[in-house]
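Single-structure report; data block below.
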Amino acid sequence: MPDDKRYLISVPPGLIPQAEPDVNSGTRKLPQPQKPSGPPPEQAPSTPGAGPRGPVISLGPGSPLPSAPPRSAPVSEPAAPIPAAGPAAEPAAERAVTPAVEPTAVDEGERSTLSATETAPVAVRRWVLALGDGTRHPVDPAVVVGRNPNPQGLGSAAGAGALPLAIVDPERSVSKTHALFQVRDGVLTVLDLDSTNGVVVSADGRDQPVVPGQPEVVPDAAVVSLGRFELRVVSA
């Protein structure tokens, strides 16, 4: 065999189909594969949402099944805090603490004294002018004394509301409007209304002449001289 054909492989006759000659071009066409005459094979319906399938592995008889991949442990979410039931307790510093006050012990004597002080009305001292004939005239709130006293003629607020007290004086040493007796805040005073013979207050062995226009305090059981006429002052 020549050297240029020693590497050629001869094909047995019948394996390669013979090409049909093309009449027009002079070339041969290769035979087309024949389509099967039966219905096309059915395809498995595709499942919506299903992803591509992995490769199908065929196992021979007696082959062990492949082990499934290990499942990942579920991740547990942190539990939400449970709200406290009821209103929150107030801080100890903000709580108002009322100190307990212990009652003060009071004996029966003090209790009776306090009750008498709280319930009994304040006693108002009353003053009375006692004359030599035994007649008594209260000073409430003011009295004008004289032979013929006229409270309206005083012309001052001192004589407002004063009552007249006329006395009988045969010697006529008492002026018509001689003196004004008046009580203020429980204190008795006498005022000389510019009389002719003046006013003298005698108490505790001492005689105190009254300055005209200036009231003088008269103590209890004192004797007041209007000229030569005397009257006694008594408190009740």
Closest non-hydrogen atom pair between S173 and H178, with its separation: O-CE1, 4.1 Å
From L191 atom CG to D194 atom CG, the distance as rounded to the nearest 0.5 Å: 8.5 Å
Point-to-point distance, once rounded to the nearest 0.5 Å, from CG of L188 to CD of E216: 11.0 Å
Throw together a table of side-chain donor-acceptor distances under 3.5 angstrom for residues 136-151, partners on residues two or more places apart or in other chains.
residue	atom	partner	partner atom	Å
R147	NE	V174	O	2.5
N150	OD1	Q152	N	3.3

Same apolar cluster (I L V M F W Y, side chains within < 4.5 Å links), L226/W127: yes
Return all side-chain donor-acceptor pairs below 3.5 angstrom for residues 128-135, not counting sequence neighbours, or 'none' if the list is empty.
residue	atom	partner	partner atom	Å
D133	OD1	T135	N	3.2
D133	OD1	T135	OG1	2.8

From CG (L193) to NZ (K176), nearest 0.5 Å: 15.0 Å
side-chain hydrogen bond (donor to acceptor under 3.5 Å, both in side chains) against Q214, all qualifying residues, sequence neighbours excluded: none
Same apolar cluster (I L V M F W Y, side chains within < 4.5 Å links), V210/V233: yes
Where L180 and A162 come nearest, the two heavy atoms and their spacing: CD1-CB, 4.1 Å
side-chain contact (heavy atoms from CB on, under 4.5 Å) partner of V201, chosen from T189, V223, V190: V190
Working for side-chain contact (heavy atoms from CB on, under 4.5 Å), residues L165 and F181: CA-CA 10 Å; L165 175 57; F181 290 87; over 6 Å; no
S225 side chain to R228 backbone, donor-acceptor under 3.5 Å: no
